[in-house]
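To keep things clear, I will list the structure first and then write my remarks on it.
Values in this document were obtained by computation on a predicted structure and should not be read as measured data. These numbers come from the heavy atoms of this one structure, side chains and all, not from hydrogens, waters or symmetry mates.
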Amino acid sequence: MGVQSTRIGLVLACLTLIAAPARAQDERPTGYPRSANERRDGTLTLSAVYTADLAADIAGGRARGARYLDNLDLQAAVDLERLVGWHGARAFGYVIRDNGTSLSALSGDAQGVSNIETAVPATRLFEAWVEQDIGRRASVKAGLYNLNAEFDTTVSGGLFRLSSHGIGPELSQSGRRGPSIFPVTSLALRGEVGFGTHWLLHAAVLDGVPGDPDRPAATAIRLRRADGALLVAELGWLDRATKLAIGSWRYTAPFAPVGDPAARGRGNAGGYVLAERQLLGDTRGGAGVSGWLRYGVADARYNAITHYLGGGLVRSGTWRGRDDDQLGLSFACAWFGDRHRAMVDTGARELIVEGAYRWVAARWLSLEPNAQYVIDPSGRRDIPDALVFALRVKVGR
């Protein structure tokens with residue numbers, strides 16, 4: 001899943017974009033989930049969502065205490081064909097505002113028990129891209145891009161607050177500043193093509209260091225040769241009830257090995273596989289029971305987290321009259337590499353078990369009580385296991 005598989009994925013993407021036979025753009029592989037920014041219900045689609053977490057470490061961890069975290073999402077999607085006659089094109093803009101409060105400082109975890117936690121308070125331009133259809137089967141997207149919008153993602157994992165269920169920690173914590181994901185993104189070029197009835201291939205080239213590390217709260221684009229690029233490819237098989245995917249990633253720049261800051265080496269790479277299935281019901285993410293498993297690896301020379309296994313079960317439609325509510329249970333286990341363990345004297349792994357419920361009070365309001373039990377936070381057996389309770393409130397649509 002290293003250099004060779006990434007190169008093969010990128011070459012296949014380029015060849016298929018050129019040679020793919022025609023098929024209507026709306027006829028992507030069965031089960032392909034369109035995100036909110038791909039809706040075609042008008043020339044301009046606007047969205048505003050405010051998310052707030054009131055969370056507390058009530059036992060164990062580094063310290064007891066409560067925190068208030070919040071996130072504001074403002075999105076605008078434009079159908080450029082309807083607006084200006086630009087055939088097969090659409091644009092998207094996305095601004096976020098976060099208060100920068102840290103909950104993990106209390107629980108001591110490494111994986112991020114709140115997926116809206118950020119290092120600093122900031123208002124940022126998160127995404128700004130244009131996508132162009134190529135024929136009827138493929139597209140190219142360019143601009144400020146969130147890798148996790150299309151790569152390494154499941155529908156079921158969206159119920160949970162743990163960051164690892166959005167994107168695996170061996171990938172999210174790679175590189176000098178992480179890849180191009182929340183809360184800091186970078187310029188990217190992404191190609192997509194569907195082939196056959198069920199296959200979908202994505203490949204992307206991204207700036208290797210998102211934003212400007214010297215200005216962590218700024219929306220900044222800084223392209224330097226030394227930063228290199230991040231190359232990512234994912235091949236997926238989808239139908240209405242199933243998603244199977246395999247992905248590979250690699251940084252082109254040299255990195256200092258863990259524990260040896262004076263040295264430099266190449267080959268910072270990894271890969272992942274995931275499977276998501278609607279176990280009861282007809283459509284992935286619809287009414288019934290869904291589940292997923294994900295496994296990822298990263299090069300132990302350059303990364304603290306070298307293996308990860310996570311998954312869970314989600315019941316959508318909890319009882320009569322609550323068709324939109326969800327109930328779920330998940331787990332996430334991150335293993336630390338030998339180099340990292342020797343340097344900071346940690347144990348082998350961190351395990352987090354999470355239970356969540358989403359009560360949909362109205363189309364514009366949901367309340368989501370949540371509990372997480374963190375076993376060996378950051379792999380440290382000298383830190384007591386942490387119990388974190390939270391209430392997430394979402395307002396808007």
Side-chain angles (χ1 to χ4, degrees), residues 31-39 47-56 69-71 73 75 103 111-117 148-150 152-168 182 238-245 274-294 309-332 352-374 387-397:
Y32 182 86
R34 284 196 176 279
S35 60
N37 59 41
E38 292 182 287
R39 290 180 297 184
S47 173
V49 178
Y50 180 75
T51 302
D53 281 354
L54 179 59
L69 302 90
D70 71 354
N71 170 257
D73 294 320
Q75 302 182 18
L103 179 61
Q111 297 185 63
V113 290
S114 175
N115 54 14
I116 62 171
E117 179 175 315
N148 194 215
E150 297 178 312
D152 194 10
T153 183
T154 64
V155 176
S156 306
L159 171 64
F160 300 94
R161 293 173 60 255
L162 183 66
S163 299
S164 294
H165 296 317
I167 183 170
F182 178 87
L238 305 98
D239 66 13
R240 292 181 62 85
T242 307
K243 176 181 180 179
L244 305 173
L274 65 86
E276 184 178 22
R277 174 73 178 175
Q278 190 73 17
L279 304 172
L280 296 175
D282 298 326
T283 305
R284 189 163 56 97
V289 177
S290 61
W292 87 98
L293 280 174
R294 182 198 181 276
L309 178 66
L313 293 170
V314 174
R315 171 77 186 189
S316 298
T318 52
W319 61 80
R320 187 180 299 274
R322 304 304 309 168
D323 295 341
D324 296 324
D325 287 9
Q326 291 183 302
L327 173 67
L329 182 67
S330 67
F331 76 96
I352 301 179
V353 179
E354 179 176 359
Y357 189 89
R358 175 177 292 153
W359 180 60
V360 180
R363 295 183 65 186
W364 53 271
L365 174 65
S366 67
L367 304 177
E368 305 174 16
N370 180 285
Q372 296 176 72
Y373 187 59
V374 185
L387 180 60
V388 178
F389 283 169
L391 176 64
R392 170 164 290 184
V393 181
K394 285 189 177 182
V395 180
R397 51 177 300 193

Where is the tightest heavy-atom contact between [X] and [Y], given as atom of each residue plus distance?
X	Y	answer
Glu368	Ser366	OE2-OG, 3.2 Å
Asn71	Phe182	ND2-CE1, 3.8 Å
Ser47	Val49	OG-CG2, 4.1 Å
Ala241	Asp282	CB-O, 3.8 Å
Phe331	His165	O-CE1, 3.2 Å
Glu354	Arg161	OE2-N, 2.8 Å

Output the distance between atom [atom1] ([X]) and atom [atom2] ([Y]), rounded to the nearest 0.5 Å.
X	Y	atom1	atom2	value
Leu103	Ser114	CG	OG	6.0 Å
Asp70	Glu117	CG	CD	12.5 Å
Gln278	Arg240	CD	CZ	10.5 Å
Glu276	Leu244	CD	CG	10.0 Å
Leu159	Arg315	CG	CZ	13.5 Å
Asp73	Tyr50	CG	OH	11.5 Å

>> Let's go through Arg294 and Ser164 carefully: what are the C-alpha distance in whole Å and the side-chain angles of both, what is the deciding distance for side chain to side chain contact (heavy atoms under 4.5 Å, CB included) to 0.1 Å, and is it a yes or a no?
In response: CA-CA 10 Å; Arg294 182 198 181 276; Ser164 294; over 6 Å; no

Kindly say whether [Y] contributes a backbone atom to a donor-acceptor pair with the side chain of [X] at under 3.5 angstrom?
X	Y	answer
Asn148	Gly166	yes
Asp152	Gly168	yes
Thr283	Gly286	no

>> I'd like to know whether Arg392 forms a side chain to side chain contact (heavy atoms under 4.5 Å, CB included) with Asn370, so could you lay out the CA-CA distance, the side-chain angles of the two residues, the decisive distance to 0.1 Å, and finally the verdict.
In response: CA-CA 8 Å; Arg392 170 164 290 184; Asn370 180 285; over 6 Å; no

> Side chains of Ser316 and Gln326: donor-acceptor distance under 3.5 Å anywhere?
Replying inline: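 Distance-only check passes for Ser316 and Gln326.
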
>> I'd like to check Trp359 versus Pro369 (side-chain heavy atoms, cut-off strictly below 4.5 Å). Are they in contact?
In response: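 Of all side-chain heavy-atom pairs linking Pro369 with Trp359, none is under 4.5 Å.
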
> Would you call Leu365 and Val393 a side-chain contact if the rule is heavy atoms closer than 4.5 Å?
Replying inline: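 With C-beta onward as the side chain, the pair touches.
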
> How far apart are the C-alpha atoms of Leu274 and Lys243, what are their side-chain angles, what is the distance that settles it, and do they pass the side chain to side chain contact (heavy atoms under 4.5 Å, CB included) test?
Replying inline: CA-CA 8 Å; Leu274 65 86; Lys243 176 181 180 179; 4.2 Å; yes

>> Apply side chain to side chain contact (heavy atoms under 4.5 Å, CB included) to residues Gln111 and Ser163 and explain how you reach the verdict.
In response: CA-CA 6 Å; Gln111 297 185 63; Ser163 299; 6.0 Å; no

> Testing Thr318, Asp324, Asp325 for side-chain hydrogen bond (donor to acceptor under 3.5 Å, both in side chains) with Arg322, which one passes?
Replying inline: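 For Arg322, the side-chain hydrogen bond (donor to acceptor under 3.5 Å, both in side chains) check succeeds only for Asp325.
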
